[in-house]
Amino acid sequence: MTNNKIYILGERALVLEITQGTLSQEQQSKLFALHAWMREQKAFIDIVPAKTTITGYLMHSQDPEYWLDKMQDAWQNIKPESYAPTVHTILTHYGKHFGPDLESVASLTGLSQSQVVELHSQCRYQVKFLGFLPGFAYLGELSSELHLPRLDSPRTHVPKGSVAIAQDLTAVYPSESPGGWRLIGHTDTVLFNHNLDSPSILQPGDVVKFIPSTEGIC
Amino acid sequence: MLTILKSGIQACIQDLGREGFRHLGVSQSGVLDPLAAKSANILLNNQQETPVIEITVGLCQFKFEKPTNFAITGADLGAKLSGQQLAVGWRYHANQGDTLTFATSKTGLRAYLAIQNGFSKLSPVMNSYSTDLQAEFGGTNGKPLNDGDVLEYETNTALSSIGAALPEYTDTIRVIVGPHIDIMSKDKQQSLFEQNWGVLPQSNRMGVRLSSKTDFTHNISIASQGVCPGTVQLPPNGDPIVLLNDSQTTGGYPIIGQVIEADLRQFSQLGAGQTCKFLAVDRTQALQAKTQQLQHIAQLEIAVQHHNKKKHD
């Protein structure tokens with residue numbers, strides 16, 4: 001019914017891939033519903049959603065074909081509405097030293113700094129997947145007027161809590177790291193704490209809204 | 001306690017790795033050679049998953065401040081206990097004040113040091129004691145061991161000597177072909193398995209970078225998808241990367257293969273300038289290799305238990 005591929009990678013990784021560049025909202029919701037279904041099976045050590053795929057690592061490698069069939073069936077029958085995301089609001093200081101690239105983002109897009117902030121903070125973003133760093137969530141879709149490539153030369157130090165954009169995505173750096181995304185703001189919200197039982201605030205499928213603080217440019 | 005007099009190139013606390021957090025971008029970490037770490041622990045009557053010290057290259061020096069038993073597995077990095085040469089795969093007793101030194105080796109890269117009952121004051125992070133060197137948590141405050149660090153352990157009286165023969169390391173690595181193998185022609189696919197691959201110096205616990213004389217360059221990118229230790233990626237420059245335990249959780253390079261789980265440990269010993277070959281296998285062969293390894297561990301456990309019982313009777 002859908003244009004998908006399903007296959008075994010190595011001994012016990014099962015991959016479902018939707019073979020198109022970007023997922024529709026319905027496909028995205030179905031993928032998160034499948035993630036929830038896979039968790040309930042208690043057969044996987046790890047389940048990693050990505051842009052157009054979900055990969056499940058089985059606990060045992062005896063019978064991957066059996067689980068591949070079950071996963072295929074689940075995907076055919078799953079309803080996107082069986083997935084209810086958690087909504088997070090992230091208070092963000094935009095511009096000045098909080099977001100050193102806001103000015104260049106505004107000039108490159110031909111917008112004012114306030115317009116950039118407005119465009120960035122008016123959307124509800126979905127956590128597409130996490131990767132790169134523990135707790136680093138890829139949030140989409142960014143308003144098309146703000147699409148810009150990564151910086152030509154990545155920074156060696158991006159401060160923890162930096163709110164950044166790149167191409168059609170936005171993200172918050174959960175810890176200090178090198179990085180090539182454009183920094184437009186900063187939040188004090190702690191996104192990842194390795195001492196907690198649930199170390200990442202943001203989970204795949206969650207919804208994020210940025211709230212501009214009065215201290216920033218607005 | 002164990003005092004780290006010289007930490008050498010890199011020594012860090014690792015167990016069998018951190019599972020269940022890959023969807024949050026958390027790497028697996030853990031020992032690169034689980035068979036070696038499990039064997040060292042079994043020799044000391046420890047649980048197999050007890051954290052050990054993974055020593056890379058060597059050139060380090062430890063001091064036992066209390067008597068205990070310890071075991072060394074992995075590569076022979078010329079370990080000596082207060083000047084006495086030690087053999088890999090054996091358990092030994094250290095007296096208070098003994099120093100344990102590691103030299104280095106041309107052929108091997110990593111050794112494992114396990115202590116009876118493990119180190120007593122470490123705390124797990126996300127269910128694992130492994131040091132995540134990139135994200136800086138786990139192990140000893142998320143850092144490799146440093147000169148002057150101390151690790152606590154319980155005093156133990158001498159156990160009788162016992163050793164274990166471990167499967168030898170090889171440079172032939174068995175691989176199951178990956179989903180994007182078709183980005184190259186059939187001829188190129190075949191030559192993947194006929195090459196001698198040289199290990200590049202940029203290799204580390206995140207991945208081993210390989211290079212050959214054949215041109216495997218391409219210009220295909222894929223949407224980032226889940227990757228894990230053993231995944232063989234082919235970046236556009238044509239030099240494959242075999243991901244190891246500290247790799248990221250998602251990657252956007254074509255996946256041309258997956259190293260079978262039983263053979264991933266071979267990369268713990270392949271350093272810059274050494275070579276390896278790939279051998280294509282199927283899942284049945286991979287499962288057989290894994291079963292064989294589990295049997296080896298089970299037999300070692302029985303042998304050590306039997307040896308201990310005999311001494312007590």
Participant: Please lay out, stage by stage, how B:L24 and A:Q203 fare under the test side-chain contact (heavy atoms from CB on, under 4.5 Å).
Facilitator: CA-CA 7 Å; B:L24 304 181; A:Q203 302 280 332; 3.6 Å; yes
Participant: Counting only heavy atoms closer than 4.5 Å, note whether B:A223 contacts chain A via side chain, backbone, both or neither.
Facilitator: side chain
Participant: What part of A:F129 is in contact with chain B, defined as an atom under 4.5 angstrom from a non-hydrogen atom: side chain, backbone, both or neither?
Facilitator: side chain
Participant: Only counting residues at least two apart or in another chain, list the ones meeting ring pair (Phe, Tyr, Trp, His ring centres under 6.0 Å) with A:F32.
Facilitator: A:Y83
Participant: Using non-hydrogen atoms and a 4.5 Å limit, figure out which bit of B:I222 sits close to chain A: side chain, backbone, both or neither.
Facilitator: neither
Participant: Which atoms of A:I54 are under 4.5 Å from chain B, going by heavy atoms: the side chain, the backbone, both sets, or neither?
Facilitator: neither
Participant: Between A:S175 and chain B, with a heavy-atom cut-off of 4.5 Å, which part of the residue counts as in contact: side chain, backbone, both or neither?
Facilitator: neither
Participant: So for B:T249, is it side chain, backbone, both, or neither that comes closer than 4.5 Å to the heavy atoms of chain A?
Facilitator: both
Participant: Could you have a look at A:P204, A:P199, A:G131 and say which one has the most heavy-atom pairs with chain B under 4.5 angstrom?
Facilitator: A:P199
Participant: Is A:Q20 close to chain B through its backbone or its side chain, or both, or neither, when contacts mean heavy atoms under 4.5 Å?
Facilitator: neither
Participant: Side chain, backbone, both or neither: which part of A:F44 has a non-hydrogen atom closer than 4.5 Å to chain B?
Facilitator: neither
Participant: Who in residues 138-146 of chain A is close to chain B, using a strict under-4.5 Å heavy-atom cut-off?
Facilitator: none
Participant: Please determine whether side-chain contact (heavy atoms from CB on, under 4.5 Å) holds for the pair B:E136 and A:H194, giving the CA-CA distance in whole Å, both sets of side-chain angles, and the decisive distance to 0.1 Å.
Facilitator: CA-CA 10 Å; B:E136 299 193 332; A:H194 63 253; over 6 Å; no
Participant: For chain B, which candidate among A:D197, A:V127, A:I8 shows the most heavy-atom pairs at distances under 4.5 Å?
Facilitator: A:I8
Participant: Could you check whether any side-chain heavy atom of A:E11 comes within less than 4.5 Å of a side-chain heavy atom of B:L287, counting everything from C-beta outward?
Facilitator: no
Participant: Non-hydrogen atoms of chain A under 4.5 Å away: do they reach the side chain of B:R22, the backbone, both or neither?
Facilitator: both
Participant: Using heavy-atom distances under 4.5 Å, tell me whether B:V227 contacts chain A through its side chain, its backbone, both, or neither.
Facilitator: backbone
Participant: With a 4.5 angstrom heavy-atom cut-off, could you sort out which part of B:V175 is near chain A: side chain, backbone, both or neither?
Facilitator: neither
